[in-house]
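To find a chain, count down the sequence lines: A is the first, B the second, and so on, and within it residues start at 1.
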Protein chains: 2
Amino acid sequence: MSDHADVHRLVAARLDSAGQVYTDKRRTLVELLAQVGPCTLPELLEAGDGIAQSSAYRNLTVLADMGVVRRLVHGGDHGRWELAEELTGHHHHLVCDGCGVVIDVELPADVEEVMDHAFNAAASSAGFTVAHHNVDILGQCADCGIAAR
Amino acid sequence: MSDHADVHRLVAARLDSAGQVYTDKRRTLVELLAQVGPCTLPELLEAGDGIAQSSAYRNLTVLADMGVVRRLVHGGDHGRWELAEELTGHHHHLVCDGCGVVIDVELPADVEEVMDHAFNAAASSAGFTVAHHNVDILGQCADCGIAAR
DNA sequence: TTGCTTGCAAATGATTTGCACTGCT
DNA sequence: AGCAGTGCAAATCATTTGCAAGCAA
């Protein structure tokens, strides 16, 4: 089950080079994020191996500082955590208005190109320098779409 | 100064049809949002006419329920409020990594078309029904770009 | 009067932090 | 011994809510 060996190797190297240890708890968190995708802290606590809430927050913050995970924020009560794009590749999010679930999606390269070009044009006219972009596609996930009928 | 007469007329009508009153405080909030664009609650309180924090929150919630304003959420401490797209037109956001300021931008119609098409394709393969999309263009605003040198 | 809006103060709840303890070097 | 990582309990802080006025119909 504990696949994602490449991810763990990369994370370990990253932490190592910053004098941080890749502890069991941290490995558990990364493994969960790799398996499940973007999830909330309560979800991580439930799935995690009895990790304390404060430790989860602290470890996620450390991992975020290392550039290994990223905190997403949409409407709901809890933020969501996911692996950094360096580990997963550039992607965007389907966000369900009903249950809040977040699903990763990749867009065709030519669409990304069109967007990048348009974003740069729009930004520069405001004196703004583009570093990155996020696209959230909102709607109903398969489950909530069914429930709505 | 108090321009945006069309906006106020529309908001008044919307509230009216729901049995809500378009009070002075509410008008002040809408006027500020129309003038300044997306801003945080502290910003609104400072600019607003001595409105109490709790009233600001409550009125913004009411206005959001009416579909007149929308709450944005990015990284920072405070959420940001803006007029609904029904009043401002469809647009996206330049978000400054430095100071958190949010600036509205519109994208060319053909780019929106390409995106809509790609989003629908990506979503449907996950059984997801698209209702809407948000694009955040992250980077440095003019001021923070200068400060960074 | 009746009901909605407002301000103040207190409550809520996600996230953060202080501190003592454990385990590894 | 020394230091990083952990858990528990307490603190923080944006946002929400209870309640007692104020104001319009």
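Taking side-chain N and O atoms only, B/N59 has no distance below 4.0 Å to OP1 or OP2 of C/dT5. The side chain of B/R58 contributes no N or O atom lying less than 4.0 Å from OP1 or OP2 of C/dT6. Taking only side-chain nitrogens and oxygens, A/Y57 never comes nearer than 4.0 Å to OP1 or OP2 of C/dT16.
Considering only the side chain of B/K25, C/dG7 comes nearest among C/dT15, C/dG7, D/dT6.
Across residues 42-55 of chain B, B/Q53, B/S54 each have a non-hydrogen atom less than 4.0 Å from an atom of DNA chain D (numbered order). Interface residues of residues 60-72 of chain B facing DNA chain C, ordered by number: none; criterion, heavy-atom separation under 4.0 Å.
Across all their heavy atoms, A/A126 and B/A142 have their closest contact at O-CB, 4.3 Å. Across A/E106 and A/T88, no two heavy atoms sit closer than the pair OE2-O, 4.3 Å. When all heavy atoms of A/L29 and A/A56 are compared, the pair lying nearest together is CD1-O, 4.2 Å.
Computed from coordinates, the A/D77 CG to C/dT15 C1' distance equals 12 Å when rounded to whole Å. Between the C1' atom of D/dT15 and the CZ atom of B/R80 lies a distance of 17 Å, rounded to the nearest Å. Summarising the geometry, the separation between CG on A/D24 and P on C/dT22 is reported as 18 Å, rounded to the nearest angstrom. The NE2-C1' distance, from A/H78 to C/dT16, rounds to 14 Å in whole Å.
Note on A/E43 versus A/R80: salt bridge recorded, some NZ/NE/NH1/NH2 to OD/OE distance being below 4.0 Å. A/R14 has a carboxylate O that lies under 4.0 Å from a charged side-chain N of A/E86, or vice versa, which qualifies the two as a salt bridge.
A donor-acceptor pair shorter than 3.5 Å cannot be found between the side chains of A/Q35 and A/H4. For the residue pair B/H133/B/H90, the side-chain donor-acceptor check at 3.5 Å is satisfied.
Taking 3.5 Å as the limit, the base of D/dG5 and the side chain of A/R27 contain no donor-acceptor pair of atoms between them.
Residue A/G79 is in sugar-phosphate contact alone, with no base atom involved, counting any heavy-atom pair closer than 4.0 Å across all strands shown.
No side-chain donor-acceptor contact under 3.5 Å links A/H92 to the backbone of A/D136. For A/E85 (side chain) and A/H91 (main-chain N/O), a donor-acceptor pair under 3.5 Å exists by modelled atom type.
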Stepwise side chain to side chain contact (heavy atoms under 4.5 Å, CB included) test for B/V11 and B/Y22
CA-CA 8 Å; B/V11 173; B/Y22 197 26; 3.6 Å; yes
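Remark: A/D49 CG is loosely packed, at most 12 non-hydrogen atoms of other residues, nucleotides or ligands lying under 6.0 Å away.
Note that the two end axes of the helix from C/dT1-D/dA25 to C/dT25-D/dA1 enclose an angle of 0°, each drawn from 5 base pairs, rounded to 10 degrees.
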